[in-house]
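Each remark here refers to the structure printed beneath this line.
Read the numbers this way: they start at 1 and go in the same order the structure lists the ligands and their atoms.
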Amino acid sequence: MKLTFWGAAKTVTGSMHQLTVDGKCYLLDCGQYQGRRKEAEERNKNFPFPCREISAVMLSHAHIDHSGNLPLLVKNGFHGPIYASAGTADLCRPMLADSASIQEKDAAFLNKRYLRRKSLNVGAEAGDHMVEPLYTVENAEATYPLFRPVPLHAPTAIAPGIRYQSFEAGHMLGSTCMLLDLESQGRKTRLGFTGDLGRPGLPIIRDPEPLSAADYLIMESTYGDRVHEPIQSVREKLAHIVNRTYQRGGKIIVPAFAVGRTQQLVLMLHQLINAKEIPSFPIFVDSPLAVNVTEVFRKHPELFNREAQEFLTNHEDPFGFSRLTYIRDVEQSKALNDLHGPFMIISASGMCEAGRVLHHLKNNVGDHRNTVLITGYQAENTLGRKIEEQHAEVPIFGDPMPLRAEVQKLDALSGHADREEMLTWMKPIAGGLKKVFLVHGEPDQQVAFRAAIRERYGLEVIIPERGRSFEL
Ligand SMILES: [Zn+2]
């Protein structure tokens with residue numbers, strides 16, 4: 001039994017781990033790597049194994065950095081089952097379709113630029129060439145029939161010698177941690193995988209559940225060296241930010257992943273407006289994906305926590321309330337440029353790497369009345385990170401733009417547990433663990449978290465490099 005780390009190794013993106021049992025290969029997650037363009041393209045395009053030899057995929061949740069390379073795996077010959085929760089399977093449809101259409105549009109844009117330069121015979125850089133999208137909407141569509149939704153806690157035989165069971169991860173709708181019972185040549189072992197681990201008390205979704213006992217644990221470490229503010233203080237801070245920007249007549253731009261944060265933020269704003277803690281002001285959710293994904297949320301109220309369920313029974317639908325306008329159409333999105341504040345635009349992508357939020361940032365970061373509100377983790381080398389660090393100038397569409405808008409962070413709305421929350425989550429199983437592998441974290445966060453786990457539980461902790469294998 002062998003475990004090999006191919007993605008989210010010393011980084012936060014591209015989650016993908018390979019498990020080999022009795023000569024058969026399985027993947028835990030198949031995420032898209034996000035980062036510098038060329039490196040990301042190379043990494044995503046070239047799988048380090050023959051895709052048709054993968055027998056099955058076990059998917060922790062629908063975020064693109066965990067699921068986004070599935071269509072490419074299928075394009076390259078994978079045709080096995082993909083085990084996931086029903087929420088994840090339903091969310092993957094709009095999310096993979098959106099990812100595919102971004103790939104197609106990106107390739108079309110680059111090809112148009114290449115052909116124009118070629119015809120003018122100017123500026124064609126060495127190595128400039130026609131590009132193909134990483135995958136197409138058609139490839140994404142070929143992926144959906146492979147999903148096998150599995151209820152939480154139901155032990156499921158994947159193949160002889162491998163049994164899968166999932167637990168609530170509390171990170172986003174449908175997110176799971178998993179436990180794999182492995183058996184080879186009479187030897188048994190148990191491997192746990194956190195996927196992305198959420199925080200207790202997040203709006204809408206349920207709290208993370210502990211795993212049953214395991215021998216090995218693959219653990220995320222995004223905030224291995226950070227402690228978030230308590231959730232309760234988020235509401236107050238959000239109210240302050242809204243009121244201050246409102247008084248300046250400014251706009252609030254919120255780069256947010258279309259899934260998770262958007263719905264949580266909308267619910268929180270709704271509660272603040274109802275409590276008259278902030279004025280009733282226009283809120284736009286500008287993302288075709290957020291619209292589709294919100295429909296999946298409506299379909300799965302059974303996955304909500306008690307607060308959200310009560311809110312649903314006692315109030316109007318929190319995802320479609322009257323002050324909120326969902327924007328699907330590009331022309332409507334552009335029309336927001338001519339509208340005067342105060343108002344809020346929530347738009348993807350969350351790390352400001354692509355999508356409509358780029359246009360809104362370009363039009364608004366130069367005005368001191370406005371606020372950019374960061375609600376999630378910003379990876380190294382992303383525009384979101386540069387804004388978070390408040391660089392005097394930030395590059396948007398290749399142009400340096402002065403950053404004069406106020407920048408605020410709501411880390412506590414993050415879908416990721418902080419150091420203390422992760423340590424507490426591990427506690428019930430720490431005594432039985434032989435080894436912990438840290439993934440999904442930048443090196444400084446991982447090194448600090450390794451020290452914290454060693455100190456608290458005296459466990460052996462490994463920070464695997466990409467491509468390293470371990471016998472279990
Ligand atoms: Zn995630």
Aromatic ring proximity, centroids under 6.0 angstrom, His228 and His416: no
For the Zn ion (ligand 1), the closest N/O/S atom belonging to His171: NE2
Polar side chain donor-acceptor pair, Asp65 to Ser15, under 3.5 angstrom: no
Ring geometry between Phe47 and Phe49 (parallel below 30°, tilted from 30 to 60°, perpendicular above 60°): tilted
Under 3.5 Å: donor-acceptor pair, side chain of Thr382, backbone of Gln378: no
Name of the His63 atom (N/O/S only) found closest to the Zn ion (ligand 1): ND1
Metal site angle (apex the Zn ion (ligand 1)), OD2 from Asp196 and NE2 from His61, 10 degrees: 90°
